[in-house]
Number of protein chains: 2
Amino acid sequence: MTTGGKRGRRTPARRSGARSHPTRERILDAAERLFAQRGFHGVSIRDITGAADVDVALANYHFGSKQGLLEAVFARRAEELNGERLARLDALLAAGRRKAPTLEEIIDAFTHPLLDRSARGGPGWKSYFALVAEVNNSPEFGGVLMTRTFDQVVQRFIEAIRRALPGCEERDLYWAYHFLSGALTLTFAETGRIDKLSGGVCRSNDLDSVHERLVPFCAAGFRALCVRKGRTRKPPARRSKAAR
Amino acid sequence: MTTGGKRGRRTPARRSGARSHPTRERILDAAERLFAQRGFHGVSIRDITGAADVDVALANYHFGSKQGLLEAVFARRAEELNGERLARLDALLAAGRRKAPTLEEIIDAFTHPLLDRSARGGPGWKSYFALVAEVNNSPEFGGVLMTRTFDQVVQRFIEAIRRALPGCEERDLYWAYHFLSGALTLTFAETGRIDKLSGGVCRSNDLDSVHERLVPFCAAGFRALCVRKGRTRKPPARRSKAAR
DNA sequence: AATCTAGTTGAACGTCCGTTGAATTTCAAC
DNA sequence: GTTGAAATTCAACGGACGTTCAACTAGATT
């Protein structure tokens, strides 16, 4: 899988540090933008290499196949994103060593890196998040690609939320994250639907306004799920995972 | 637009009441399933007509173009869905003429028709909702197709929520609906990601469990957005639309 | 029986698809 | 200046794409 083609062909450019490799990056940029606009199957390799102004064979040379190109686009910005998400989470955990961070702080650490890059990180990031939104809702790629790319970090966040909401059942915790993920991805898809629906009162690209509302919306949702039962059904007995 | 092709060609079958038109329905069924699985561009007309076991030319004959076929698939179940949503809403408004319906009741009237059909309405409905999820998050079709198909009914629901949350600002109301829409569509996309993430604790196809959590999650979210300001900023002054 | 039309068929249209192979260029290391 | 691998170019492969067309069938209307 990682070596690509079917007959000895392998993806190159592991040397040279992968830094400032102009052709590769140009192809990734064009693929990112076009995949986000029209979806994986809606874009041809010729569309991409044409937009990047490189030869059509170079996409296969550098990425093995069209699917390999999609995965490379998906992975390129994920490392930076996951890195900042974890850094923010660790900062929270380190700062409040005595007192666990609040739910709002945790959710903000999860969503703010997206907001910041989509609003101020350049058009590549905007395309990237729109692509993630499409993939997240796609039965074809959603389950596999999202899991592989993000779920390790997501597990860290869910663990932090678990501590912030003691006694919360696991199912409630995961479903609440699922709702957060849906709200988040639709937001960054920026389809413009909400602009029309609201008659211009809301603007898809006013991400700061959305984020300011997304965090309390989801925090309240988490609490609604985790509090309602924690008191009335099973008192504390959650497995044997100690009290704390 | 409604008559299709470029040269006098028009979509037929307005006669005969469009009832029990087997070929049309077979094509729509196959298109619904395949579009949901692989997206609009990921499926060819030959895939669809092959699965429906009809001649290739019949898709263009009945629906004008591939895009026309997508729109027909999208519209076919929308009428029934919008109808039941409105019926439930009207029943709520009629029943509690003295006291306005609660937020939870309104959200349930909006989401329960989806839950019920996806869980117990046959595989066609499941495919339909997965397709809606993909379209909703697609920059290419999302803004146009969702607006045209659903937003008239959505406006009715937002109006009902507006009465249930007096003093809520318009922007908060619409953004909260937007988050609800994102959570809802990702849920019905059933990509299986949450199954892996939760290690089997959550199952994508256990829609009754999800719905039981989606309603309180979103209701709490709505209240969190509408209450925080409703008291501290503008007291009651919402336009001049009378009091009651 | 003749007419008409919606429905269906099979074939073909020109175009684009993802991928590959062989030849050529680039450029750093020796 | 030679060598050798990486990068790039050009052309082509077989096949699939959406759409169209003329011919044909079936069933109702005259």
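Labels below follow one simple rule: chain letters A, B, ... track the order of the sequence lines, proteins then strands, and each chain is numbered from 1.
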Any A/Thr23 side-chain nitrogen or oxygen under 4.0 Å from OP1 or OP2 of D/dT8 = yes
May I have the distance from B/Ile27 (atom CD1) to C/dT8 (atom C1'), rounded to whole angstrom?
-> 11 Å
Rounded distance in Å - CD1 (A/Ile45) to P (C/dG18) = 5 Å
Between CD1 of A/Ile48 and P of C/dC16 the distance, given in whole Å, is 16 Å
Round to the nearest Å and state the distance from B/Asp47 atom CG to D/dA16 atom C1'.
-> 10 Å
Could you pull out the protein-nucleic contacts involving nucleotides 9-15 of chain D (nitrogen or oxygen on both sides, under 3.5 Å)?
from, atom 1, to, atom 2, distance (Å)
D/dA12, N6, A/Arg46, NH2, 3.3

Name every donor-acceptor pair, under 3.5 Å, that has one atom in a side chain of residues 150-157 of chain B and the other anywhere in the protein, sequence neighbours excluded.
from, atom 1, to, atom 2, distance (Å)
B/Asp151, OD1, A/Arg193, NE, 3.0
B/Asp151, OD1, A/Arg193, NH2, 2.6
B/Gln155, OE1, B/Tyr174, OH, 3.3
B/Gln155, NE2, A/Leu197, O, 2.6
B/Arg156, NH2, B/Asp90, OD1, 3.0

Tell me, please, which residues at least two apart from A/Arg148 pass salt bridge (Lys or Arg N to Asp or Glu O under 4.0 Å).
-> A/Glu71
Contact under 4.0 Å: A/His41 side-chain N or O vs C/dC17 OP1/OP2 = no
Between B/Asn136 and B/Ser181, do the side chains contain an N or O donor and an N or O acceptor separated by less than 3.5 Å?
-> yes
Partner residues of A/Glu84 under the salt bridge (Lys or Arg N to Asp or Glu O under 4.0 Å) criterion, sequence neighbours left out = A/Arg88, A/Arg117
Atom NE2 of B/His62 and atom C1' of C/dT5 are separated, to the nearest Å, by 14 Å
Would you tell me if any nitrogen or oxygen in the side chain of B/His21 comes within less than 4.0 Å of OP1 or OP2 on C/dA6?
-> no
A/His62 versus A/Thr23, side-chain donor and acceptor atoms under 3.5 Å | no
Look at B/Asn60 and D/dG18 and indicate whether a side-chain polar atom (N or O) is within less than 4.0 Å of OP1 or OP2.
-> no
Residues that A/Phe40 engages under ring pair (Phe, Tyr, Trp, His ring centres under 6.0 Å), provided they are two or more places apart = A/Phe35, A/Phe141
Take atom CZ of B/Arg38 and atom C1' of D/dA16, then tell me their distance rounded to the nearest Å.
-> 13 Å
A/Arg24 CZ to D/dA6 P, straight-line distance once rounded to whole Å = 14 Å
Does a nitrogen or oxygen in the side chain of A/Ser44 sit under 4.0 Å from OP1 or OP2 of C/dC17?
-> yes
Under the salt bridge (Lys or Arg N to Asp or Glu O under 4.0 Å) test, residues paired with A/Asp208 that sit two or more places apart | A/Arg120
